[in-house]
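Just below is one structure, and these are the notes that go with it.
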Amino acid sequence: MASRTPRAEKFTQLVNEVFVANGVLLSAGDRLTAEVGLTAAQWQVIGFLERESATVAELARRRGLRRQSVQETVNRLLRNEMLRRIDNPADARAPLLQLTGKARAALHVLGARQAAWADTAAAGLSEEDVDTTVRTLRALRDLV
């Protein structure tokens, strides 16, 4: 096994922390959304559809996820009457997904809840640290 350079070691630590943070954030999201009958993954999907309809493939691209996993989440949302399919004028084979009133009501509840949670969570971080982290994560996303 080749030894890692100090740069590679630090980068690996960063990647590991991103994975751990993702897990912690998904757990927090699950706790925030449980009362309205959603998971964090489902919340992410309906959040993307709040402003405009999209196909499953478009959602997967925007989130950087596999289409199959997004399709599974969408199927659960369709069964739970949070989404409906509508005709896609650009591609009849790929219907657009649209929020139902039930999903909009859930987003309304979650908006206030998430804002309070974010305010509390962010209290332990400086604005400068948050800005640096956002820039770093965007650079990481663009590089990888």
Side-chain angles (χ1 to χ4, degrees), residues 4 6-144:
R4 291 186 184 155
R7 178 184 300 185
E9 186 62 38
K10 288 219 179 268
F11 184 77
T12 300
Q13 288 174 4
L14 170 65
V15 170
N16 288 335
E17 289 301 324
V18 168
F19 289 152
V20 171
N22 182 59
V24 170
L25 290 169
L26 287 173
S27 292
D30 285 341
R31 287 190 301 277
L32 282 169
T33 59
E35 189 179 308
V36 296
L38 293 171
T39 65
Q42 292 168 339
W43 185 17
Q44 289 177 19
V45 167
I46 67 172
F48 269 96
L49 295 170
E50 189 172 15
R51 290 190 181 89
E52 65 180 332
S53 301
T55 66
V56 170
E58 289 168 340
L59 289 171
R61 270 193 303 276
R62 289 181 197 167
R63 293 296 304 149
L65 299 172
R66 291 179 312 118
R67 187 191 175 289
Q68 294 82 358
S69 62
V70 174
Q71 184 66 62
E72 290 171 17
T73 301
V74 164
N75 289 344
R76 285 192 299 275
L77 288 165
L78 288 163
R79 280 193 303 274
N80 294 336
E81 299 178 342
M82 293 280 191
L83 295 180
R84 68 167 113 356
R85 290 183 181 105
I86 60 172
D87 290 338
N88 182 352
D91 184 351
R93 297 169 297 149
L96 293 170
L97 301 166
Q98 185 178 62
L99 298 182
T100 63
K102 185 176 176 181
R104 291 194 183 283
L107 283 173
H108 179 74
V109 169
L110 291 172
R113 189 175 292 165
Q114 189 275 340
W117 172 84
D119 194 45
T120 300
L125 299 170
S126 74
E127 191 173 332
E128 181 181 320
D129 284 348
V130 172
D131 289 342
T132 299
T133 303
V134 169
R135 278 193 311 277
T136 301
L137 290 173
R138 285 180 178 155
L140 175 64
R141 178 193 63 205
D142 293 344
L143 286 171
V144 176

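The chain is numbered in sequence order, starting from 1. Values reported hereafter were calculated over all heavy atoms of this structure, with side chains retained and with hydrogens, waters and symmetry mates removed.
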Between side-chain atoms of residues 9-18 and protein atoms elsewhere (two or more places apart, or another chain), which donor-acceptor pairs fall under 3.5 Å?
{"residue": "Glu9", "atom": "OE1", "partner": "Arg4", "partner atom": "NH1", "Å": "3.4"}
{"residue": "Thr12", "atom": "OG1", "partner": "Ala8", "partner atom": "O", "Å": "2.8"}
{"residue": "Asn16", "atom": "ND2", "partner": "Thr12", "partner atom": "O", "Å": "3.3"}

Below 3.5 Å, can you tabulate the donor-acceptor pairs from side chains in residues 121-132 to any protein atom, sequence neighbours excluded?
{"residue": "Ser126", "atom": "OG", "partner": "Asp129", "partner atom": "N", "Å": "2.9"}
{"residue": "Ser126", "atom": "OG", "partner": "Asp129", "partner atom": "OD2", "Å": "3.3"}
{"residue": "Thr132", "atom": "OG1", "partner": "Glu128", "partner atom": "O", "Å": "3.0"}
{"residue": "Thr132", "atom": "OG1", "partner": "Arg135", "partner atom": "NH2", "Å": "3.3"}

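Across all their heavy atoms, Thr33 and Ala40 have their closest contact at OG1-N, 3.7 Å. Ala60 and Arg67 make their closest contact through CB-CA, 3.8 Å (heavy atoms, listed as atom of the first residue, atom of the second, distance). Shown here for Met82 and Ala106, the closest heavy-atom pair between the two residues is CE-CB, 4.3 Å. What you find for Ser69 and Arg66 is that their closest heavy atoms are OG-O, 2.9 Å. Residues Leu99 and Arg84 come closest through the heavy atom pair O-NH1, 3.0 Å. A pairwise comparison of heavy atoms in Ser53 and Leu96 identifies CB-CB, 3.9 Å as the closest pair.
Contact annotation: the side chain of Leu110 approaches that of Leu38 to within less than 4.5 Å [non-hydrogen atoms, C-beta and beyond]. Residues Leu32 and Trp43 meet the side-chain proximity criterion, which asks for heavy atoms closer than 4.5 Å. A 4.5 Å side-chain heavy-atom check between Asn88 and Asp91 finds at least one atom pair inside the cut-off.
Under a 3.5 Å cut-off, the side chain of Lys102 and the backbone N or O of Asn80 do form a donor-acceptor pair. For Asp30 (side chain) and Thr39 (main-chain N/O), no donor-acceptor pair under 3.5 Å exists by modelled atom type.
Rounding to the nearest 0.5 Å places CG of Leu97 at 12.0 Å from CD1 of Ile46. Between the CG atom in Leu83 and the CD atom in Gln42 there is a gap of 9.0 Å [rounded to 0.5 Å]. The CG atom of Leu49 lies 9.0 Å from the CD atom of Gln98; values are rounded to the nearest 0.5 Å. Thr55 contributes atom OG1, which lies 10.0 Å from atom CD of Gln71 (distance to the nearest 0.5 angstrom). Taking CZ of Phe48 as the start and CD of Glu58 as the end, the distance is 12.0 Å to the nearest 0.5 Å.
For Glu35 and Arg113, the salt-bridge test passes: some basic side-chain N is under 4.0 Å from an acidic carboxylate O. Ion pairing of Glu81 with Arg76 is absent here, as no side-chain N (NZ or NE/NH1/NH2) approaches a carboxylate O to less than 4.0 Å.
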